[in-house]
Protein chains: 2
Amino acid sequence: MVTLPSSHSPTLNPLYRQVIGLVMRSLESGEWKPGEVIPSETLLAARYGVSQGTVRKAIDELAAEHLLVRRQGKGTFVATHADPRIFSRFLRVAANDGDLQPLRSEPLGCWRVKAGSDICHALNVEEGASVMLVRRVVLSGEMPAIFDEVYLAADFFADLTQETLLAGDVSLYGLYESQFGVRVIRAEERVRAILADPVSARFLQVAEGEPLLLVERTTFSYSDRPVEFRRSIFSTRHLHYRNELV
Amino acid sequence: MVTLPSSHSPTLNPLYRQVIGLVMRSLESGEWKPGEVIPSETLLAARYGVSQGTVRKAIDELAAEHLLVRRQGKGTFVATHADPRIFSRFLRVAANDGDLQPLRSEPLGCWRVKAGSDICHALNVEEGASVMLVRRVVLSGEMPAIFDEVYLAADFFADLTQETLLAGDVSLYGLYESQFGVRVIRAEERVRAILADPVSARFLQVAEGEPLLLVERTTFSYSDRPVEFRRSIFSTRHLHYRNELV
DNA sequence: CAGTGGTCTAGACCACCTC
DNA sequence: AGGTGGTCTAGACCACTGA
């Protein structure tokens, strides 16, 4: 470890915080990839020159943030969006009557476009930069349920094509991981009420002027790097946006 | 402790889980009230017959759920809605331009009413039971921002009056604690888009037919006991509903 | 069976707060 | 000075997994 354990040195940062930093570095660098096991607590303790209990506390925090997943008897794993539990944590849509029909993604297109200033700002790229735009409809059963416009920083996702999207799942984040090596860890959402314009009305098969929910989401990877800006629009006739406060 | 520590007995529940249960019981019974200090870790360890480290782990979990708050050098406290940090955790409204004007609550009335079946179901009272209904407008600066209808189980809140509400804060939860001994710990929200009807249009000073956000919230106390059902309606012209996903 | 995470303990020292 | 929570360690044993 960088800092001496206890006797001297006024412990600028707790040891376990430093361990968290080192583990994060290995996650960011791709030394341990999504879905893989990381070394055991004993090994990490030896590697970092701290006690096993200190490593445990560090991993506890990272597991609480859902960056790692512990599995007793097997080891500690890097969280992955291939895991359906993580998918459902990022899906805030629920059916009004309780049972959500299975969702299926239907990509409508994928283009390289010049982004507006709001999107450039959200993605932290310079004004007027070109970005990838993906449009899709999410079907619930056979009915169109959600109309999505997804913007991605072009330097990371330049070779994204509609074919790639067709192969992918409802969640795009598994795709980002497997095809582009980008791991989504966090998102911010802003929800508003709007009236259906001609475009969204057509894709959602609702009347113009119908009230719709607009969910704007900015998605982040490690080090708060923005990955995606997304506008999702849906009618709340059959669905709603759910949230838990604690 | 009920279960023997380790050598025999196949440890049905971990000790620290049992400690969590015991601490929760003291919270529910009101032995330790919101804002008060609870006994030190050392004292609790002696009281429960476990090591200080085990008490620490139990308190760690309860602090993570925001039921307790630790303050180094001072002690561990029962969380309270008098604390503004907790208030902001339960307020998901933010200004579109970033700075939210100070909020002020203006109660419109307080009645005892027969609740519809949806509200009875949410509050877990029998069909047709009478409940308290509070109507209020929340002002942001000088403008009406949010129109609220709050339903409360009448057996707990029977002697609620408009005068009591006038004395209270923007957050009703501090009032529930201090006046009715009910501590809110959790809420579920369902968000939908609607069109302004005559009533909400008048209170929010918007045109009829304007798209509005409807936030339905069910609030719970200890043991998942429902406390409150609330409908909040606001225009997203200047405000939005914010959320963080992790 | 060996290896992993999960629990529990005991003891040391640090950092902060109050008197 | 004496109390509180915060960090760190070392060691023991339990519970689960897979070869």
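Small disclaimer: the values here were computed from a predicted structure and weren't measured. A, B, ... follow the sequence lines: proteins, then strands. Residue 1 opens every chain. Hydrogens, waters and symmetry mates are skipped; everything else that's a heavy atom, side chains included, is used.
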Of all the nucleotides listed ([options]), which has the minimum atom distance to the side chain of [X]?
| X | options | answer |
| --- | --- | --- |
| B:Q72 | C:dT7, C:dT18, C:dA15 | C:dA15 |
| A:E41 | C:dC8, D:dT7, C:dG5 | C:dG5 |
| B:K74 | D:dT9, C:dT18, C:dC8 | C:dT18 |
| B:T76 | D:dC8, C:dT7, D:dG5 | D:dG5 |
| A:K57 | D:dT7, C:dT18, D:dG18 | D:dT7 |
| B:R70 | D:dG6, C:dG5, D:dC8 | D:dG6 |
| B:Y16 | D:dG6, C:dT18, C:dC8 | C:dC8 |

Atom [atom1] of [X] and atom [atom2] of [N]: how far apart are they, to the nearest Å?
| X | N | atom1 | atom2 | value |
| --- | --- | --- | --- | --- |
| B:L15 | D:dA15 | CG | P | 12 Å |
| B:N13 | C:dG6 | CG | P | 16 Å |
| A:R56 | D:dT7 | CZ | C1' | 16 Å |
| A:Q52 | C:dC8 | CD | C1' | 13 Å |
| A:R71 | D:dT17 | CZ | C1' | 12 Å |
| A:L43 | C:dA2 | CG | P | 17 Å |
| B:E61 | C:dC8 | CD | P | 11 Å |
| A:I20 | D:dT7 | CD1 | C1' | 13 Å |

Does either side chain, that of A:Y173 or that of A:E228, offer a donor lying less than 3.5 Å from an acceptor on the other one? yes

Between A:V55 and B:I59, which has a closest nucleotide on DNA chain D that is more 5'? B:I59

Ignoring hydrogens and geometry, is there a side-chain-to-backbone donor-acceptor pair from B:S223 to B:R225 under 3.5 Å? no

So that I can tick it off, tell me whether [Y] and [X] are bridged by a salt bridge, with the cut-off set at under 4.0 angstrom between side-chain N and carboxylate O.
| X | Y | result |
| --- | --- | --- |
| A:E216 | A:R192 | yes |
| A:E31 | A:R47 | yes |
| A:R70 | A:E41 | yes |

May I ask you to verify if any side-chain N or O of [X] is less than 4.0 angstrom from the OP1 or OP2 atom of [N]?
| X | N | result |
| --- | --- | --- |
| B:S40 | D:dT4 | yes |
| A:S51 | D:dC8 | no |
| B:T42 | D:dG3 | no |

